[in-house]
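Start at 1 with the first residue, then count along the sequence.
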Amino acid sequence: MSYGLLRRWTAAARSPIVGGQGGPPRRTFRLADIERGWLVVDSEETSLGSVLSSSETLLTVSRGLLSSKLYLPFSAVAEVHEGVVRLNVTTQWVEAQGWDRPGSRKQR
């Protein structure tokens with residue numbers, strides 16, 4: 001087991017997780033509960049940007065001042081912590097899906 005996996009597992013066991021495994025009992029979450037400015041990370045803990053807006057079906061993420069936006073479907077969200085949205089896919093997967101263009105949100 002790599003340090004990264006161990007670190008994620010132990011952090012999950014101690015933190016107030018909403019969804020995910022290894023932590024408290026699974027609770028449901030709504031994308032609409034996610035607030036603007038929360039950090040969005042992929043399944044490998046790589047930062048993708050911060051939340052611009054959210055609804056029940058779509059999460060819009062800003063990748064920086066000069067970068068594009070991402071339009072992530074609900075199916076890409078693995079778990080939500082206070083201030084952090086963790087995806088169940090890697091950055092490479094996100095880029096391959098074309099989620100940087102509105103209207104091209106393929107479901108996983």
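Proximity of E35 to V51: side-chain heavy atoms (C-beta onward) are nowhere separated by under 4.5 Å. In this structure, W38 and V80 have side chains that are in contact, with non-hydrogen atoms separated by less than 4.5 Å. Here the side chains of P73 and W99 are in contact, with some heavy-atom distance below 4.5 Å. Using a 4.5 Å heavy-atom threshold, the side chains of K69 and R63 count as separate.
Between the side chains of D42 and T91, a donor-acceptor pair is found at a separation under 3.5 Å.
Minimum heavy-atom separation, G37 to S50: O-CB, 3.9 Å. Of all the heavy atoms in D100 and Y71, the pair that sits closest is O-CE1, 3.8 Å.
Here the straight-line distance linking atom CG of L58 with atom OG of S53 works out to 6.5 Å at 0.5 Å rounding. The distance from the OG atom of S54 to the CG atom of L72 is 11.0 Å, given to the nearest 0.5 Å. Between I34 atom CD1 and L52 atom CG the span is 12.5 Å, to the nearest 0.5 Å. A distance of 11.5 Å separates CG in L87 from CD in E44, rounded to the nearest 0.5 Å.
Every residue was checked against the salt bridge (Lys or Arg N to Asp or Glu O under 4.0 Å) condition with R36, not counting sequence neighbours, and none meets it.
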Go through the steps to decide whether L59 and V85 satisfy the test side-chain contact (heavy atoms from CB on, under 4.5 Å), and finish with yes or no. CA-CA 10 Å; L59 184 66; V85 177; 3.9 Å; yes

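Annotation for V41: hydrophobic cluster partners, listed by chain and number, are L39, V84 (ILVMFWY side-chain heavy atoms under 4.5 Å, direct or chained).
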